[in-house]
Every structure is written in C-alpha cells, then in structure tokens.
Amino acid sequence: MSDITKDLLHKIEQQIFAIDLSQSFSKKGEIIEIKDGVALVSGLEWAMYSEIILFENGMKWLVFDLMQDYAWILILGEYSSLKQGQSVTATGKMFSVGVGPAYLGRVLDGLGDPIDEVGDVKPKELYPVEKVAPGVITREAVGVPLQTGIKAIDAMVPVGRGQRELIIGDRQTGKTTVAIDTIINQRDQNVKCIYVAIGQKESKVARIVQSLREKGALEYTIVISAPANSSAVSQYMAPYVGCTMGEWFMNNGQDALIIYDDLSKHAVAYREMSLLLRRPPGREAYPWDVFYIHSRLLERAANLNNDFGGGSLTALPIVETQSGDVSAYIPTNVISITDWQIYLEADLFNAGVRPAVNVWLSVSRVWWAAQTGLVKKVSGKLKLELAAYRELESFAQFWSDLDEVTQSKISRWVRMVEMLKQPENSPIHFYKQAVLIYAGVNGYLDRLEVSQIKQFEQTLYDKLDSVYSSESELMKKEKKLTEEIEVHIKRIMEETLAEIQ
C-alpha cells in the first residue's frame with residue numbers, strides 16, 4: 001500500500017472518529033401539523049413512547065403515538081405560538097413528575113405543577129408517569145380494611161387496602177361525597193390520599209379543598225385538578241400523574257388511597273385526543289383502546305407483600321351512568337377491571353336515603369377479608385335483610401292488608417334503613433358503627449319510633465366518647481366481638497334506650 005493511500009485512509013479514519021453521534025439526525029424533527037394541543041412531527045424515527053420532546057423555546061412535548069414516518073406529540077402547555085415547520089428535539093428522557101411527601105397539602109394541575117400559590121415544590125425524587133403495574137409475585141391478598149367511615153359501605157360493601165372498588169351512579173347521587181368522606185376518615189389511619197378531579201368545575205374543586213382543609217384532611221392529601229376548561233391533554237394525563245404520586249408512597253412501605261373523579265370524563269378527553277390523531281371511533285364513538293387506558297391505570301393499585309415493602313395503593317375510581325345504565329360502554333369497561341362496585345341509586349337519593357347505596361348491585365370481591373372482626377360479626381345478615389326489604393318494599397303501601405309477621409319485618413327494615421342514613425362529611429369510627437348496627441340487627445331499635453333513631457344514634461355516640469370511653473378503647477383494641485364486649489354493648493343499649501324513652 002502506497003504512502004498516499006495510507007495517508008488518505010488515516011484522514012478518513014480521523015474524520016469517522018470525530019463525528020459527534022449525539023447530533024444524530026434521528027433526534028431532530030419538524031412540525032408538520034398542529035391542532036388543539038396535538039402536533040404531527042416528522043424526523044423522530046427513534047423516539048420512544050412517552051418521551052419528552054423539546055421545542056425551540058424550551059416547551060415540553062410528549063410522544064403519544066408512533067408511526068413509520070411520523071409521530072403524534074401531545075403539547076404540554078400553551079401552543080398558540082407554535083408554527084408549522086419549526087424544529088423539535090428528542091431528549092431521550094421519559095415524562096416524569098416529582099413525588100414524595102413534599103406534595104402533601106398541595107393543589108396541583110393535571111401535569112403535577114402547583115396551582116395553589118403557596119410556592120414551588122422541590123421534590124427529592126422523580127418517577128416516570130408510565131410504569132408497568134406490580135407483578136403477581138410482588139402482591140399479597142387484600143386483608144387490611146380501608147375504613148370509609150360510612151356505615152352502609154363498611155358494613156355491606158367493605159373496601160380493603162390495595163383494592164380497586166368502583167363508585168358508580170347517575171349524576172348528583174353522592175359519588176364524590178362518598179369519596180371525600182373516605183379521605184376525611186383516613187385522618188387517624190395513617191393513609192396518604194390523592195384526589196384527582198378530571199373535567200370538574202373549578203368551583204366544585206375549590207369547595208372540596210376547603211372542606212378537606214376544615215376537616216384537617218388536606219395535610220395528608222394531594223389534590224390534582226384538571227378542570228373542564230383545561231386542555232384534553234391535561235385531563236388525560238391527570239390520573240396517571242396522581243397514580244405515580246400514590247405509587248411512591250406504596251413503594252416506600254406506606255398505604256395510599258387515590259380517587260379518580262371521574263373516569264367517564266377521562267374517557268371523553270381521550271376520545272377527543274384520539275379523534276385528533278385520526279384513530280377510528282368504535283362502540284358509542286369511543287376508540288377501541290379506551291379499555292386499555294383505564295386498565296393500565298387501575299392495575300397499578302396493589303397490596304405489596306413484605307418482601308417488596310408491604311405498602312398499598314387503593315383505587316376508588318368514579319364513573320357516571322346515564323339513567324342508571326350500567327351496561328354502557330365505559331361503565332362495563334371499568335366494572336370488568338375493578339373488584340366490583342358501590343352503586344348509588346338515583347331513586348334512593350331522591351327519596352332521602354343518603355348515601356344511596358343499592359344493596360343489590362353493590363358488591364365487594366374481597367368481602368369479609370376487608371372488615372374488622374367486630375363489624376363482620378354484627379353485620380353478617382344486614383345486607384341480605386335489606387335486600388329482602390327492597391323486594392317487599394312495594395307491598396308496604398298495602399300495610400293494613402299484611403299479616404303481623406310481615407308488618408313486623410317491614411317495620412324493622414324501615415328502622416335499619418333510617419339507621420344507615422348519614423350526613424356528608426361525617427365519617428364514623430368502626431366501633432361506633434358496630435354498636436349501632438348491633439342495635440338494629442338485634443331489635444333494639446324496634447322499641448323506638450323512626451323519628452327517634454337519629455337522637456338515639458347521637459346519644460349513643462356521645463356516651464361512647466364519654467361515659468363508656470373505657471369500653472370504647474376495649475373495642476378499638478380487640479376489634480372483635482368477644483363475650484365481654486357483647487355484655488358491654490347490651491348494657492350500653494339498655495341504658496341509652498332508657499334515656500331516650
């Protein structure tokens with residue numbers, strides 16, 4: 001080989017090694033089209049799903065859909081200044097949000113940024129928003145109650161830590177109230193809470209925040225608000241951001257609760273984005289993969305075993321029905337993903353039965369495993385008896401024509417329905433629930449008029465907090481119906497009835 005040839009090869013070799021591979025053409029792209037927070041970009045052949053893309057002015061975008069020659073990008077922020085032909089750059093980083101206890105007590109937007117004017121949050125750790133759900137090996141069966149403080153739910157449709165229990169019903173039936181009461185009841189339960197408001201009115205979210213603050217619940221709660229006037233991208237990302245924050249607590253051995261209010265509006269936001277992405281709509285005009293966006297969200301709720309920290313993330317998604325139709329597309333999707341549902345019925349709500357829990361259609365898959373022994377023992381037959389009452393309720397109008405046995409049964413059931421009524425933002429401790437339910441199931445309330453039951457309930461609670469505080473401490477400690485505790489309960493019943501009558 002001649003010297004000239006060797007010199008030429010050496011120069012070529014030097015030029016090859018001098019190439020800066022970080023400036024690959026595959027990391028640069030160009031805007032082809034922009035519409036309603038979604039952009040079509042070319043030139044990002046090696047982009048990853050959920051990767052952050054940077055615009056020239058530093059604005060962040062998110063890769064949402066990948067095709068052979070193009071990528072659809074979600075614009076995270078104001079996009080009115082963006083123009084066709086401008087360049088974008090792939091960062092190689094996945095979309096992540098700050099996590100940790102620093103966010104407790106704060107109100108955030110759908111992308112995890114503070115909007116409560118208290119100041120910035122400086123998280124010590126970032127978590128990717130898109131994560132694979134915990135595997136079967138890491139999980140443990142649900143066995144610890146997550147007490148809602150609501151008599152009708154804790155007694156008949158119990159929720160366990162790590163469970164996914166759907167709250168479903170028509171508009172204005174108290175679904176959000178059930179969720180907020182559950183958050184308030186976690187004050188002494190060492191459970192961190194995340195409330196995700198999707199497509200709600202800003203005034204409603206403000207009232208919820210104020211209510212949580214007044215009840216002392218905001219200090220252990222993160223509120224994420226993607227209101228109705230925010231972009232579809234923000235409403236779509238909000239539940240995943242909230243889930244990511246809840247996962248941090250779970251992965252660090254703590255218990256967390258997350259409320260998605262509601263997934264019906266989340267599906268609408270996803271439909272809006274999908275139609276912009278030219279995806280074909282399917283049944284009821286929703287894209288075919290709307291089931292997947294909810295399944296990959298709700299499957300991240302889990303109860304981890306001790307080898308993986310022993311933490312839990314409980315999910316209470318909310319879905320709105322139309323005229324009680326639980327067979328519609330979105331309700332059936334979410335029902336099939338969750339561990340069944342708490343169904344709130346409009347007719348019961350309008351009749352003054354609040355919370356309006358329909359005992360026929362409300363089911364918990366974990367059932368007895370998610371109840372304390374005390375509540376389990378006293379409420380064993382409650383659901384079956386109330387379900388039987390719903391069957392005979394239509395005959396109550398023919399009261400004079402019914403036999404004495406049937407009249408006696410209906411009379412007791414009416415009192416138990418009254419017993420289970422509960423005002424909003426007033427969760428009740430499990431031992432108080434157990435004592436009251438014991439009174440209803442064992443006929444003590446039969447001695448009272450229906451109008452006296454609320455007075456009896458309040459007097460009973462006052463006595464448990466004062467005169468019978470030692471008995472209350474015993475019930476909280478034992479958490480089961482022992483002979484000694486039952487003797488105490490019977491004595492408390494007789495003395496309280498004597499005072500009322």
Side-chain angles (χ1 to χ4, degrees), residues 148-159 165-182 184-185 204 259 261-262 264 316-328 330-332 334-335 338 340-364 367 375 379 381-399 406 409-428 433 436-437 439-441 445 448-454 456-457:
T148 66
I150 301 172
K151 294 172 288 187
I153 294 176
D154 289 342
M156 298 186 293
V157 199
V159 179
E165 185 78 2
L166 173 63
I167 302 173
I168 186 171
D170 285 2
R171 185 174 178 270
Q172 297 294 332
T173 52
K175 301 185 295 299
T176 300
T177 299
V178 169
I180 298 305
D181 284 0
T182 304
I184 294 172
N185 196 54
K204 177 182 178 180
I259 311 292
D261 189 10
D262 64 52
S264 301
L316 295 182
I318 296 175
V319 166
E320 182 179 306
T321 56
Q322 303 293 329
S323 300
D325 184 12
V326 297
S327 64
I330 301 304
T332 52
V334 183
I335 286 173
T338 54
W340 293 8
Q341 70 278 342
I342 299 167
Y343 180 72
L344 303 180
E345 184 179 331
D347 291 342
L348 288 175
F349 186 87
N350 295 331
V353 180
R354 302 175 185 179
V357 178
N358 182 308
V359 296
W360 273 113
L361 298 179
S362 299
V363 186
S364 174
W367 201 246
V375 176
S379 64
K381 298 180 180 179
L382 180 62
K383 183 172 183 178
L384 290 176
E385 291 190 0
L386 286 175
Y389 168 63
R390 293 300 300 274
E391 287 288 313
L392 290 174
E393 189 177 15
S394 58
F395 294 100
Q397 56 184 314
F398 307 109
W399 182 268
T406 304
K409 287 182 178 180
I410 293 178
S411 178
R412 174 172 294 185
W413 290 333
V414 168
R415 284 160 174 76
M416 286 198 289
V417 170
E418 185 68 22
M419 172 193 73
L420 291 175
K421 292 180 181 179
Q422 188 170 337
E424 63 179 311
N425 298 339
S426 303
I428 302 168
Q433 295 182 32
L436 182 65
I437 293 170
V441 172
L445 299 183
L448 300 172
E449 298 295 329
V450 175
S451 60
Q452 294 178 304
I453 290 177
K454 287 304 174 186
F456 170 83
E457 180 180 359

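Any value given below was found using the heavy atoms of this structure, including those in side chains, with hydrogens, waters and symmetry copies removed.
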Thr148 and Asp154: side-chain donor and acceptor closer than 3.5 Å?
-> yes
Can you tell if the side chain of Leu445 reaches within under 4.5 Å of the side chain of Leu448, non-hydrogen atoms only?
-> yes
Side chain of Gln422, backbone of Ser426: donor and acceptor closer than 3.5 Å?
-> yes
When you measure from the side chain of Lys175 to the backbone N and O of Asp261, does any donor-acceptor pair fall under 3.5 Å?
-> no
Tightest non-hydrogen contact, residues Thr173 and Ala346, listed as CG2-CA, 3.7 Å
Least distance between heavy atoms, Asn185 atom then Pro427 atom | OD1-CB, 3.5 Å
Knowing that exactly one of Glu457, Lys454, Lys151, Arg354 qualifies, which makes a side chain to side chain contact (heavy atoms under 4.5 Å, CB included) with Lys421?
-> Lys454
On a heavy-atom basis, the closest approach of Ile437 and Ala155 is CD1-CB, 3.5 Å
Keeping the roles fixed (side chain from Glu424, backbone from Gly174), state whether a donor-acceptor pair exists under 3.5 Å.
-> no
When rounded to the nearest 0.5 angstrom, what distance separates OG1 in Thr176 from CG in Asp181?
-> 10.5 Å
Do Ser364 and Glu165 come within less than 4.5 Å of each other through their side chains, counting heavy atoms only?
-> yes
For Glu345, check salt bridge (Lys or Arg N to Asp or Glu O under 4.0 Å) against everything at least two apart and list the hits.
-> Arg390
Met419 side, atom CE; Met416 side, atom CE - distance, nearest 0.5 Å | 6.5 Å
Taking atom CD1 of Ile168 and atom CG of Leu361, what is their separation to the nearest 0.5 Å?
-> 9.5 Å
Which distance, rounded to the nearest 0.5 Å, do you find between the CD1 of Ile259 and the CD1 of Ile180?
-> 7.0 Å
Indicate yes or no: at least one non-hydrogen side-chain atom of Asn358 is less than 4.5 angstrom from one of Leu344.
-> no
Might you point out which heavy atoms bring Tyr343 and Ser362 nearest each other, and give the distance in Å?
-> N-OG, 2.8 Å
Under the 3.5 angstrom rule, does the side chain of Ser264 hit a backbone N or O of Glu320 as a donor-acceptor pair?
-> yes
For Val326 and Gln341, run side chain to side chain contact (heavy atoms under 4.5 Å, CB included): C-alpha distance rounded to whole Å, both residues' side-chain angles, the deciding distance at 0.1 Å, then the answer.
-> CA-CA 11 Å; Val326 297; Gln341 70 278 342; over 6 Å; no
Considering residues at least two apart in sequence or located in another chain, which fulfil the salt bridge (Lys or Arg N to Asp or Glu O under 4.0 Å) criterion with Asp262?
-> Lys265
pair Arg415-Glu418: side-chain heavy atoms closer than 4.5 Å | no
Please indicate whether Trp340 has more than 12 foreign heavy atoms, meaning atoms of other residues, nucleotides or ligands, lying under 6.0 Å from its CH2.
-> no
So Val357 and Ile150, side chain to side chain contact (heavy atoms under 4.5 Å, CB included) or not? Walk me through it.
-> CA-CA 10 Å; Val357 178; Ile150 301 172; 5.8 Å; no
Is any side-chain heavy atom of Pro355 less than 4.5 Å from a side-chain heavy atom of Ile153?
-> no
Run the numbers on Val157 and Val363 for side chain to side chain contact (heavy atoms under 4.5 Å, CB included), then give the verdict.
-> CA-CA 6 Å; Val157 199; Val363 186; 5.7 Å; no
Just how far is it from atom CD of Gln433 to atom OG of Ser379, taken to the nearest 0.5 Å?
-> 9.0 Å
